Each structure stands twice: as structure tokens, then as C-alpha cells.
Amino acid sequence: AEITTESLASFKEDVLKKYPPKVARKRSKQFLLNEFQGEDAPLIEANVRTIPGIITMRGCTYAGCKGVILGPTRDIVNITHGPIGCGFYSWLTRRNQTRPDTETSENFIPYAFSTDMNENDIVFGGEKKLKAAIREAYALFKPKAMAIFATCPVGLIGDDVNAVARDMKQELNDQGIDINIFAFSCEGYKGVSQSAGHHIANNQIFTHVVGTSDTVVEGKYRINMLGEYNIGGDAFVIEDLMHRCGITINATFSGNSTYDDFARAHTADLNCIMCHRSINYVAEMMEIKYGIPWIKVNFIGVESTIKSMRKIAEYFGDQELKDKVEQVIAEEMPAVDAALKDIKPRTEGKTAMLFVGGSRAHHYQDLFREMGMTTLAAGYEFAHRDDYEGRKVIPSIKVDADSRNIEELDVHPDPELFKPRKSAEELKALDECGFEFKDYHGMMPDMKPESLVIDDLNQYEADELVKKFRPDVFCAGIKEKFSIQKMGIPMKQLHSYDSGGPYAGFAGAINFYQEIDRLVNTKVWGYMKAPWQKKPELVASYAWN
Ligand code: CFN
Ligand code: HCA
């Protein structure tokens, strides 16, 4: 169909017609034509249960906790308490890259640790097996920390992972071993999606690890990079940019991260949040407890990268830093301009659809915009309303500035070393200074009016979207990849980046431009039909020969 306001608007109607009335009513609230006008954001229902029977794109709570937040950490032994599939399918599939900082530093990421529960454990309980696994893993690897993750059957049979973690920490500590062991009740069914898993991971990391180390990483401008998971090496590009600007990264959550990163996170001057959806909870808690302000950054897209670098410089306020940032930007831009000049004549005017996770379906629109491409439809799998609409429109989730009582908190035995980074008054002033520290634009205000915004897209709707509008590229995950390609549409995975990346920063943007150019201009999609499917008489001639 031709892409017009009318055809996009009527799409919703057509799709919903196929559902039973009750399902249609529910789905219709998660499905809208974007007409974002400042404060009058249209309401979208998000973070609600998927209707059983619908083939959702979503993953589970365990995936969000173990796979996403803790998975990229190098030196914590992450033990999955569950059937082997849970551990196996969350093992390195996310393409989070690692680079140990010394030859001797630990890296357990190449291992999948699992209790491999079977029928016996389900019937008689699996706690003993879990304890044995912890003893065995300690004997083999001597890690400084272990994390236990509950899967669906664990919750159903009632194994208490938290009690096991407590007991085993005690047992090993009693032997004079310095180890931290903590558990996550992140059973897959616990929430409606990965999102609940993020929250559980944030809470436990904050409770058990953040603030437990005295190490201070020296530097003039010291930040934590939150919500950047180093997929395809993105974090390496960002680290390089920060390094060249003279900015020190004190901790990352959690791309290529270490236990010590988390433990000393409370000593940074500023928290920069890349993926708000997955890590806002830790940032919020660090602000309340340690007085560390947080700001949103986005290193996907050249414009966003520049904006983010300037925002960090402006926070610190030093002219020296501002100059350095401008210098780094100036060094990077010629290559970006050259790449755009090359590819844009071939990408301008093309169309994209993005249905990914909880932040990328928004962030990657910037890259497409830079290439002159239009996003026709987009949505998250599991983000919340604030990610769609922009934080500003939901004041209830904003920390009430007056409730910050950081001065009264006994933060650390050495108050000189660990005094709150900012006082409650200073934080309040930052909130109110209008410098866009906290505010960010959600997906909807950044998208063209009259584009489709669909939450928790499912397979039927994805098929219909592609059949009707035939975008030049469709972006989603591995489950969508082949059904889309079979319809003759190029498909780019924005989770794992297929085998590509990095796409962050300037170097990453250039990579992305070039890959998308190749993808949307290749002729291969014209060969979807075999010659004899187009010309049946060929069958006869082949048979004859
Ligand atoms: S790396 Fe992140 S950027 S953490 Fe999150 S919301 Fe997932 S694993 Mo897949 S690619 Fe995706 Fe985001 Fe944040 Fe990744 S868009 S779904 S849970 N996600
Ligand atoms: C997850 C991880 C995932 C899955 C990606 C995909 C990832 O949700 O458990 O569906 O292709 O990025 O690896 O989001």
C-alpha cells in the first residue's frame, strides 16, 4: 500500500479486526498513530501482560536479570539455578564483548554455569544441588563474588535461592574465604517481560555490592557509564571518546564490567545513563543515597553523540573540558561527513521499521534520520510509558527532591572520602535549572507525527506491517529475522547487530551507514523467486533436458 496518513491509520483498524473483541480492545490501547504534541502526549499502554496465545517478541524476567544486567560482568561467577536451557540460551548470545584489562584478570564470560536441574530436583528440591554447585565453582575458579539466578521451576517448587546464598557465603567466609554471594529471585514468569528482571538486578546489585569498596579511581572528571552493555563493542568506542576528552570512567553497568566497578560506583561525580529502561533504578538510588546526579546520554547517532559529549562537559562546566570535547568532535567529523556524502544519495527517502527492546527502537531512529531515511513504525518490546512519552509527562516517577535525605544517611565510615557528591539543595537546583539534565525525549516526541507506534508487537502484526508497507529495512531480533526475510525484506538485528558493530559514537555511525546502505540497496531480494516459479514453462524445459 502507498504510505499515507490514511493508510497508516487504517492499518490499525484492519489488524484489530482479526482479533476477538476483547483482545482487540486490549491491543488497541498499545497501538497508536503518533500525534505527540508537547505535553498532550497520547496515551499508550505499555508494560502490561501479553495476551496468552499471542506470539510476542518479548523475553522473560530471568533474561532481563541474568542475561542483560549481570551477564556482561567478567569476574562474577553467575550461576543459573534451573534447567540447562535457561543458562545455555543466555550464554553469550547477546554479543556483549569483553576485554580483560590485564592478562591475569579474571574473565568467566566464556563459561555457562548452571545447576542443570532435572526431574529429580524438581520433585525432591534443588537446594542441595545448588550448594554443591557453589562449592564446586568456588573450588575451580576462586571468584571474589558469585551470583545465583532463579528460573521458573525454582519459584514453582520453592527453592530459596536467597537463603542458599546467605548460607554459602557464611560457610565460605567461615573458612576464611573473602567472597560475596548474593541471589536474584528473577524467575522468568515474575514480571510481564525482561523489564522486571532489570529491576530485580538493579535492586540486588545496589543492596549487595554498590558502596562496598574504598577504591577511588583518580581523575578530574569521573563518571559512571550506566546502561551500556558493550554489544558489538559499542562501549569500547564510547570509552575511547571519553578517554580522549580526559573523562575518566569509574564504573560501567555493565558492559565489560567487573565486581569492583559496581563496588566503587558510589565514588563517581556523575552518572551517565545510556539505556534508561534497564538501569534507571540504580541511578535513582545512587542519587538518593550518595547525592550523585544522573543525566541521560545517547551515543547512537552522530548528533546524539555530540549532544551527549557537550552535555557532560557542560555539567562539569570547565572551559578546558569543553574545548577538549570540541576538539575530539572536530577530529571525528570529516570521516562522518565523507561517509554520509557517499551513502546518502542511495539511502535518502528509504523507509525503516524498528521493534526492539526498551531503548534501541528509539535511539536507532537517529541514525536512520541522519541517512535521510524515515521511520514508518516503531515500538518497544517492554519499555514503560516514560520511555515512549518522555520522562516529563509522568511526574509521578520523578524523585521527589524534598525526600532526598542524603545528609542524614550514614553513607560510609569515612565521611571525608565519601561525602555526598551534591547536597539535596544542589540536586534540586539541577533539577530545576532547565538544562535538560533529567528530561529526555521519549520515542514519541522524536518521531514524525503520523507514524505508527506499537507496543509489544507480535508476529501476526509484524507480518501485516511488512506485507502492507514493505519497508526498505525491518529491525528487530533473531526470532523475527527469518520470517521477515522470507517476505523479501532486508532485516537488521538491532540486538546482536547480526555479526556487525560497533554502531556507537562516530566510528560506529559510519559502520552503520555503510551496512544499511549495502542492505537496502542489494539486488539479492529480487531473486526470491526461482526462475521456474516466475515462468512455469521452465519446469517443462528443465525436465525435458
Ligand atoms: S543491550 Fe539493552 S539497550 S539493556 Fe535492554 S533495553 Fe535488551 S538485550 Mo536485546 S538489545 Fe535491547 Fe535495550 Fe537497554 Fe539489549 S533495546 S532487548 S533488555 N536491550
Ligand atoms: C533477551 C536478549 C536479547 C534477545 C535478542 C533477540 C538480546 O531479550 O533475552 O531477540 O534477538 O539482545 O540478546 O534481547
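Since we're looking at a predicted model, the values are computed, not measured. Remember, it's 1-based here, ligands and their atoms both numbered in the order they're listed.
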Ligand-side contact atoms (ligand 1) for residue partner [X], heavy atom cut-off under 4.0 Å:
| X | value |
| --- | --- |
| Cys275 | 3 (S), 4 (S), 6 (S), 13 (Fe) |
| Val68 | 4 (S), 8 (S), 17 (S) |
| Gly358 | 6 (S), 12 (Fe), 15 (S) |
| His495 | 9 (Mo), 10 (S), 11 (Fe), 16 (S) |
| Ser278 | 4 (S), 13 (Fe) |
| His198 | 17 (S) |

Close approach of Gly227 to ligand 1, heavy atoms, under 4.0 angstrom: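 Contact check Gly227 vs ligand 1: negative.
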Cationic N near anionic O, under 4.0 Å, [X] to [Y]:
| X | Y | answer |
| --- | --- | --- |
| Arg244 | Asp240 | yes |
| Asp455 | Lys29 | no |
| Arg369 | Asp446 | no |

Ligand 2 and [X], any nitrogen or oxygen pair closer than 3.5 angstrom?
| X | answer |
| --- | --- |
| His495 | yes |
| Gln194 | yes |
| Ile478 | yes |

Sub-4.0 Å atoms of ligand 2 with respect to non-hydrogen atoms of Lys479: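 Numbered from 1, ligand 2 contributes 10 (O).
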Ligand-side contact atoms (ligand 2) for residue partner Gly477, heavy atom cut-off under 4.0 Å: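 In order of numbering, the contacting atoms are 6 (C), 10 (O), 11 (O).
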Region of [X] engaging ligand 1 - heavy atom pairs below 4.0 Å:
| X | answer |
| --- | --- |
| Tyr380 | neither |
| Asn96 | neither |
| Arg94 | side chain |

Stacked cation flag Arg74 on Phe108, 6.0 angstrom / 45 deg: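 No.
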Nearest protein heavy-atom contact for [atom]: which residue, which atom, what distance?
| atom | result |
| --- | --- |
| atom 7 (Fe) of ligand 1 | Phe382 CZ, 4.1 Å |
| atom 13 (O) of ligand 2 | Arg94 CG, 3.5 Å |
| atom 9 (O) of ligand 2 | Ala63 CB, 3.2 Å |
| atom 3 (S) of ligand 1 | Ser359 OG, 3.1 Å |
| atom 4 (S) of ligand 1 | Tyr229 CE1, 3.2 Å |

From Tyr281, Phe184, Phe206, residue fulfilling ring-ring contact (aromatic ring centres under 6.0 Å, His included) relative to His199: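 Single ring-ring contact (aromatic ring centres under 6.0 Å, His included) partner of His199 among Tyr281, Phe184, Phe206: Tyr281.
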Heavy-atom protein neighbour under 4.0 angstrom from atom 18 (N) of ligand 1: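 Given the 4.0 Å limit, the answer for atom 18 (N) of ligand 1 is no, no protein heavy atom qualifies.
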Tyr89 atom OH: more than 12 heavy-atom contacts under 6.0 Å: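 No, not enclosed.
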More than 12 heavy atoms from other groups under 6.0 Å of NZ on Lys18: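 Atom NZ in Lys18 is not crowded, with 12 or fewer foreign heavy atoms closer than 6.0 Å.
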Proximity of Tyr380 and Phe355 rings by center, below 6.0 Å: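 When the ring centroids of Tyr380 and Phe355 are compared, they turn out to be at least 6.0 Å apart.
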Side chain, backbone, both or neither: Met57 near ligand 2, heavy atoms under 4.0 Å: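 For Met57, no heavy atom sits under 4.0 Å from ligand 2.
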Geometric class of the Tyr497/Tyr503 ring pair [parallel <30°, tilted 30-60°, perpendicular >60°]: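 It falls in the tilted class, 30° to 60°.
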Gap separating the CZ atom of Phe382 from the CD atom of Gln194, nearest 0.5 angstrom: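 The CZ atom of Phe382 sits 4.5 Å away from the CD atom of Gln194.
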